[in-house]
S.K.: 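This is the structure I have questions about; it appears just below.
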Amino acid sequence: YSEYDFNDIKALNDLIHWRDPKKSGVVFGVSMLLLLSLAAFSVISVVSYLLLALLCVTITFRIYKSVVQAVQKSGEGHPFKCMIDKDVSIPPETFRKHVDCSLTYINRALKQMSRLFLVEDLIDSLKLAVAMWLFTYVGAVFNGITILILADILLFATPPIYEKNKTQIDQFIDVVRTQVNTTIAKLQEKLPGAVKRSKTE
């Protein structure tokens, strides 16, 4: 990972661990409001309402400042002049950095999907099959937006809970991991064509 990636990971980690409660609260509130809006309205409606609300605020503020300047006979000028003059263009270096980073993840995902669907390792492919089978039941109960809402809640709720109960949770995870590894090892011994994992993996 580059220094740029580590900075992004650290910023996300601080956000979901509520290092700055105000910032985390705003992000969580906005994300939940957006997801709940998408659950009730179409994407086009939500985007249109958001842009309309933003325009209403900026137009109202612009008219208000114009009236105040006319009454006071001041020459302050356009209230958003500093923002209008600000360069909002994306530097080519930043764009290329994002593209390169995205391409790395895409290629990694494509390689992994190829490995799983072409059954390079029988156990890993069976894990994927079981996961997809379970997701068919999840999809039958929840729609995509509901799953995203639950994921958003878990993303911001799980890290603080884990920090407060780290010891007990780690012990439970170790027990579960041991049971899963034991079961997988037994399956690898019985299933023909399963790739034996080396100790370094």
Side-chain angles (χ1 to χ4, degrees), residues 1-58 88 90 94-118 123-166 168-170 172-174 176-177 179-180 184:
Y1 294 105
S2 64
E3 183 180 351
Y4 180 79
D5 295 327
F6 279 121
N7 289 336
D8 283 350
I9 293 171
K10 185 179 184 304
L12 178 61
N13 186 62
D14 291 343
L15 191 67
I16 63 176
H17 281 85
W18 297 78
R19 304 287 187 239
D20 185 347
K22 289 184 179 179
K23 189 174 181 181
S24 297
V26 168
V27 173
F28 177 65
V30 170
S31 61
M32 280 299 297
L33 179 62
L34 180 61
L35 290 172
L36 290 172
S37 299
L38 290 172
F41 306 100
S42 68
V43 176
I44 295 175
S45 296
V46 172
V47 172
S48 299
Y49 278 125
L50 287 174
L51 294 178
L52 181 60
L54 179 61
L55 271 174
C56 287
V57 171
T58 54
V88 294
I90 301 175
T94 302
F95 180 77
R96 281 193 293 269
K97 188 179 292 185
H98 280 289
V99 171
D100 291 341
C101 182
S102 300
L103 190 60
T104 300
Y105 288 118
I106 290 172
N107 287 334
R108 191 178 300 167
L110 288 173
K111 184 177 180 181
Q112 184 69 5
M113 294 304 290
S114 174
R115 191 179 74 84
L116 291 170
F117 282 98
L118 297 179
I123 296 298
D124 286 345
S125 296
L126 286 174
K127 286 180 187 177
L128 179 63
V130 171
M132 294 301 101
W133 178 69
L134 291 175
F135 275 124
T136 61
Y137 287 94
V138 173
V141 178
F142 304 105
N143 59 31
I145 293 296
T146 304
I147 293 174
L148 288 176
I149 291 172
L150 292 173
D152 193 41
I153 294 172
L154 289 173
L155 181 65
F156 282 89
T158 304
I161 294 173
Y162 175 74
E163 282 191 339
K164 291 180 181 178
N165 305 278
K166 189 175 185 301
Q168 297 91 326
I169 294 174
D170 284 345
F172 176 75
I173 291 174
D174 286 339
V176 173
R177 185 184 292 123
Q179 292 294 330
V180 170
I184 290 174

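Bear in mind that the values here come from a model prediction, so they are computed numbers and not experimental data.
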S.K.: Donor-acceptor pair, distance only, cut-off 3.5 Å: does the side chain of Ser24 make one with the backbone of Pro21?
M.R.: no

S.K.: Please report the closest heavy-atom contact between Ile169 and Ile161, naming both atoms and the distance.
M.R.: CD1-O, 4.2 Å

S.K.: For Asp100, check salt bridge (charged side-chain N to carboxylate O under 4.0 Å, His left out) against everything at least two apart and list the hits.
M.R.: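 So Asp100 forms no salt bridge (charged side-chain N to carboxylate O under 4.0 Å, His left out) with any residue.
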
S.K.: Measuring from Leu38:CG to Ile145:CD1, what's the distance to the nearest 0.5 Å?
M.R.: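 Rounded to the nearest 0.5 Å, the CG-CD1 separation comes to 5.0 Å.
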
S.K.: Which residue is it: Leu15, Ile16, Leu150? I am looking for the one with a side chain to side chain contact (heavy atoms under 4.5 Å, CB included) to Leu155.
M.R.: Ile16

S.K.: Please check if the number of heavy atoms outside Leu52 that lie under 6.0 Å from its CG is greater than 12.
M.R.: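 It does: Leu52 CG has more than 12 such atoms within range.
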
S.K.: Please work out which of the three classes, parallel, tilted or perpendicular, describes the rings of Phe156 and Phe28, given edges at 30° and 60°.
M.R.: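 Correct class here is tilted.
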
S.K.: Working to the nearest 0.5 Å, report the span between CG of Leu110 and CZ of Arg115.
M.R.: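 Reported to 0.5 Å precision, the distance equals 14.0 Å.
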
S.K.: Identify the heavy atoms of Gly25 and Trp18 that sit nearest to each other, and give their distance.
M.R.: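 Closest approach of Gly25 to Trp18, heavy atoms only: N-CZ3, 3.5 Å.
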
S.K.: Ser42: what forms a side chain to side chain donor-acceptor pair (under 3.5 Å) with it, not counting sequence neighbours?
M.R.: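 Here the qualifying residues are Ser45.
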
S.K.: Nearest 0.5 Å please: distance from the CH2 atom of Trp133 over to the CG atom of Leu126.
M.R.: 13.5 Å

S.K.: For Ser48, check side chain to side chain donor-acceptor pair (under 3.5 Å) against everything at least two apart and list the hits.
M.R.: none

S.K.: Mind checking side chain to side chain donor-acceptor pair (under 3.5 Å) for Ser31 and listing every partner two or more places apart, or none if nothing turns up?
M.R.: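 Testing Ser31 for side chain to side chain donor-acceptor pair (under 3.5 Å), a comparison that skips the adjacent residues, returns Asp152.
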
S.K.: Kindly compute the distance separating CD1 (Ile173) from CD (Gln168), expressed to the nearest 0.5 Å.
M.R.: 11.5 Å

S.K.: Using the side-chain contact (heavy atoms from CB on, under 4.5 Å) rule, take Ile149 and Leu36 through it: C-alpha gap first, then chi angles, then the decisive distance, then the call.
M.R.: CA-CA 8 Å; Ile149 291 172; Leu36 290 172; 3.8 Å; yes

S.K.: Leu116 and Ser125: which non-hydrogen atoms are nearest, and at how many Å?
M.R.: O-OG, 2.6 Å

S.K.: Who passes side chain to side chain contact (heavy atoms under 4.5 Å, CB included) against Val176, sequence neighbours left out?
M.R.: Phe172, Val180

S.K.: How far does OG of Ser102 sit from NZ of Lys97, to the nearest 0.5 angstrom?
M.R.: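 So the OG of Ser102 and the NZ of Lys97 are separated by 13.0 Å.
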
S.K.: Could you tell me whether the side chain of Leu34 reaches within less than 4.5 Å of the side chain of Val46, counting heavy atoms only?
M.R.: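 Val46 vs Leu34: side chains touch.
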
S.K.: According to side chain to side chain donor-acceptor pair (under 3.5 Å), who are the partners of Lys166, at least two apart in sequence or on a separate chain?
M.R.: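 So Lys166 forms a side chain to side chain donor-acceptor pair (under 3.5 Å) with Asp170.
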
S.K.: More than 12 foreign heavy atoms under 6.0 Å from CG of Leu134: is that the case here?
M.R.: yes

S.K.: Could you check whether any side-chain heavy atom of Leu54 comes within less than 4.5 Å of a side-chain heavy atom of Leu50, counting everything from C-beta outward?
M.R.: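 A side-chain contact under 4.5 Å is absent here.
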
S.K.: Are the side chains of Leu55 and Leu51 in touch, meaning some heavy atoms are under 4.5 Å apart?
M.R.: no

S.K.: Nearest 0.5 Å please: distance from the CZ atom of Arg108 over to the CD1 atom of Ile106.
M.R.: 11.5 Å

S.K.: List the atom of Leu154, the atom of Pro159, and the distance in Å for their closest heavy-atom pair.
M.R.: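 Closest approach of Leu154 to Pro159: O-CD, 3.9 Å.
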
